[in-house]
Protein chains: 2
Amino acid sequence: MLDDIDRVLVSRLQQDATQPYAALGAAVDLSAGSAHERVRKLRERGVIRRTTVDVDPAAVGRDVLAYVLLGSDAWMGDAATRDALAAIPEIQEAHIIAGTASVLVKVRTATTEDLQALLRRLFAIDGVTSTQTIVVLESFFERPVSVDPD
Amino acid sequence: MLDDIDRVLVSRLQQDATQPYAALGAAVDLSAGSAHERVRKLRERGVIRRTTVDVDPAAVGRDVLAYVLLGSDAWMGDAATRDALAAIPEIQEAHIIAGTASVLVKVRTATTEDLQALLRRLFAIDGVTSTQTIVVLESFFERPVSVDPD
DNA sequence: CGACTTGACCGTACCAGATTCGGAAGGCAG
DNA sequence: CTGCCTTCCGAATCTGGTACGGTCAAGTCG
């Protein structure tokens with residue numbers, strides 16, 4: 001489905017998606033045209049979803065990072081819950097989880113006061129009965145999905 | 001530091017970093033040249049860290065997503081801990097956290113068996129005395145940092 | 001065995017679009 | 001008022017994306 005050359009191409013693009021196809025091709029001993037064709041197919045197949053930019057959260061006023069576990073008294077796996085969460089821009093990820101809590105959300109706010117206000121909003125969502133907040137003191141790293149074969 | 005035009009430009013680039021500067025400029029009523037100049041400065045200032053591609057984790061054999069809380073009997077905020085974690089490709093994020101646990105890591109593996117093997121490796125890291133694993137059943141969404149002003 | 005199909009590759013040529021540049025128009029301090 | 005700084009535009013240049021035609025190797029079927 002995905003050979004070694006594809007993996008190298010994807011990995012290089014993760015590091016820098018602005019490099020010319022000629023450089024990309026040189027890294028895998030292919031011509032620019034062939035490298036281009038492979039990348040085109042990777043996009044077509046959905047392996048590469050999109051090309052985007054990586055933004056420094058601190059530079060856009062998002063200094064506080066926290067994970068919040070939401071407890072509930074009802075099933076929260078429906079679209080209404082997703083939409084309610086998606087409507088809050090501070091929420092970066094939302095997942096349904098196994099275990100005592102129901103949902104895990106990753107949030108970024110400007111200040112801890114904003115985090116408090118956000119928790120209030122989370123409580124207001126239908127079904128939410130409790131929150132447990134894990135505040136990040138320092139991030140070791142955040143990086144793209146590894147494409148290494150294991 | 002970052003005006004409304006910059007925010008729109010960054011937001012557009014997050015959605016699609018391949019669009020021509022002319023289109024980018026049209027979105028904010030600027031010429032292609034001016035849009036280009038603003039984006040160049042955003043990169044220079046580090047607001048935009050890099051241009052990258054968004055890869056479908058399932059397409060590269062990373063179907064299982066989990067968060068693992070690491071407990072410890074020693075301070076884990078040093079470089080040795082970071083390096084030990086960074087050496088494991090399945091780990092996508094690692095943060096030092098406040099609360100009962102010490103470190104939170106986000107991991108992606110191919111199977112739950114691989115997740116189990118990964119937990120074994122985490123236990124082997126100096127200082128780690130316990131792990132608590134939160135397995136994701138379904139992801140509502142994962143999206144880039146919002147650049148909205150609040 | 002030989003004709004046909006398929007898929008991946010290469011090299012070339014064209015042209016869209018990135019990048020650079022000079023100059024104009026505002027804003028502001030002295 | 002004058003000089004300085006920032007931001008913008010439009011034009012010119014040139015890099016690099018994209019399309020195309022042709023070669024080669026591997027597989028398929030009569």
Side-chain angles (χ1 to χ4, degrees), chain A residues 1-62 110 144-150, chain B residues 1-62 110 144-150:
Chain A
M1 185 75 192
L2 205 63
D3 66 15
D4 290 343
I5 293 181
D6 287 332
R7 289 179 190 276
V8 172
L9 290 176
V10 169
S11 176
R12 295 255 167 180
L13 285 173
Q14 282 178 328
Q15 287 163 20
D16 177 13
T18 68
Q19 65 192 298
Y21 283 105
L24 223 41
V28 291
D29 276 313
L30 285 181
S31 71
S34 300
H36 182 268
E37 177 64 10
R38 277 182 175 260
V39 172
R40 193 191 60 73
K41 285 181 182 166
L42 287 168
R43 289 183 200 277
E44 191 182 73
R45 280 192 279 161
V47 177
I48 295 176
R49 287 186 183 139
R50 60 177 174 174
T51 303
T52 183
V53 291
D54 184 24
V55 174
D56 179 5
V60 294
R62 293 272 185 268
V145 178
S146 165
V147 294
D148 283 359
D150 308 86
Chain B
M1 184 74 193
L2 204 61
D3 66 17
D4 290 343
I5 292 181
D6 287 332
R7 289 179 189 275
V8 172
L9 290 175
V10 169
S11 176
R12 295 255 165 180
L13 285 173
Q14 282 179 328
Q15 287 163 22
D16 177 13
T18 68
Q19 65 193 298
Y21 284 104
L24 224 41
V28 292
D29 276 312
L30 286 182
S31 71
S34 299
H36 182 268
E37 177 64 10
R38 290 185 90 115
V39 172
R40 192 191 61 72
K41 285 182 183 166
L42 287 167
R43 289 183 200 278
E44 191 182 73
R45 280 191 279 162
V47 176
I48 294 176
R49 288 184 180 140
R50 60 177 174 173
T51 302
T52 183
V53 291
D54 184 24
V55 174
D56 179 6
V60 294
R62 294 272 186 266
V145 178
S146 165
V147 294
D148 284 359
D150 307 86

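Order of the sequence lines fixes the chain letters, A, B, ..., with proteins taken first and strands second; residue numbering starts at 1 for each chain.
- Considering only heavy atoms from C-beta on, B:Q15 stays 4.5 Å or farther from B:P144 through its side chain.
- The side chain of B:K41 places an N or O atom within less than 4.0 Å of a non-bridging phosphate oxygen (OP1 or OP2) of D:dT7.
- B:V55 has its side chain within reach of A:Q14: a pair of non-hydrogen atoms, C-beta onward, lies under 4.5 Å apart.
- Nucleotide C:dA8 holds its C1' atom 14 Å from the CG atom of A:L42, rounded to whole Å.
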Candidate pair B:L42 and B:V10, rule side-chain contact (heavy atoms from CB on, under 4.5 Å), full reasoning:
CA-CA 9 Å; B:L42 287 167; B:V10 169; 3.8 Å; yes
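- Pairing each heavy atom of A:R43 with each of A:T51, the nearest pair is NH1-OG1, 2.9 Å.
- With B:V53 as reference, A:I48 is the one residue of A:I48, A:T52, A:V47 to meet the side-chain contact (heavy atoms from CB on, under 4.5 Å) rule.
- Listed by first then second residue, pairs satisfying side chain to side chain donor-acceptor pair (under 3.5 Å) with a partner in residues 18-30 of chain B read B:D16-B:T18, not counting sequence neighbours.
- Distance B:Y21 OH to D:dG17 C1': 15 Å, rounded to the nearest Å.
- Under the salt bridge (Lys or Arg N to Asp or Glu O under 4.0 Å) criterion, the residue pairs touching residues 52-61 of chain B are A:R49-B:D54, A:R49-B:D56, A:R50-B:D54, with sequence neighbours excluded.
- Taking the side chain as every heavy atom from C-beta outward, B:L2 and B:R45 approach each other to under 4.5 Å.
- For A:R38, the side chain to side chain donor-acceptor pair (under 3.5 Å) test picks out A:D3, A:D6, with sequence neighbours left out.
- Each end of the helix from C:dC1-D:dG30 to C:dG30-D:dC1 gets its own axis from five base pairs, and the two axes differ in direction by 20°, given to 10 degrees.
- Using a 4.0 Å cut-off on heavy atoms, the residues of residues 23-40 of chain B that approach DNA chain D are B:D29, B:L30, B:S31, B:S34, B:R38, listed by number.
- A salt bridge is absent between A:E44 and A:K41; no separation between the charged side-chain nitrogens and carboxylate oxygens falls under 4.0 Å.
- Atom CD in A:Q19 sits roughly 13 Å away from atom C1' in D:dG16 (whole-Å rounding).
- When distances run from any side-chain atom of B:P20 to the nucleotides C:dT19, D:dG16, C:dG17, the shortest one goes to C:dG17.
- In the region residues 44-52 of chain A, proximity to DNA chain D at under 4.0 angstrom, judged on heavy atoms, holds for none of the residues.
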Going through the checks in order, is the side-chain contact (heavy atoms from CB on, under 4.5 Å) test met by B:I5 and B:L9?
CA-CA 6 Å; B:I5 292 181; B:L9 290 175; 4.1 Å; yes
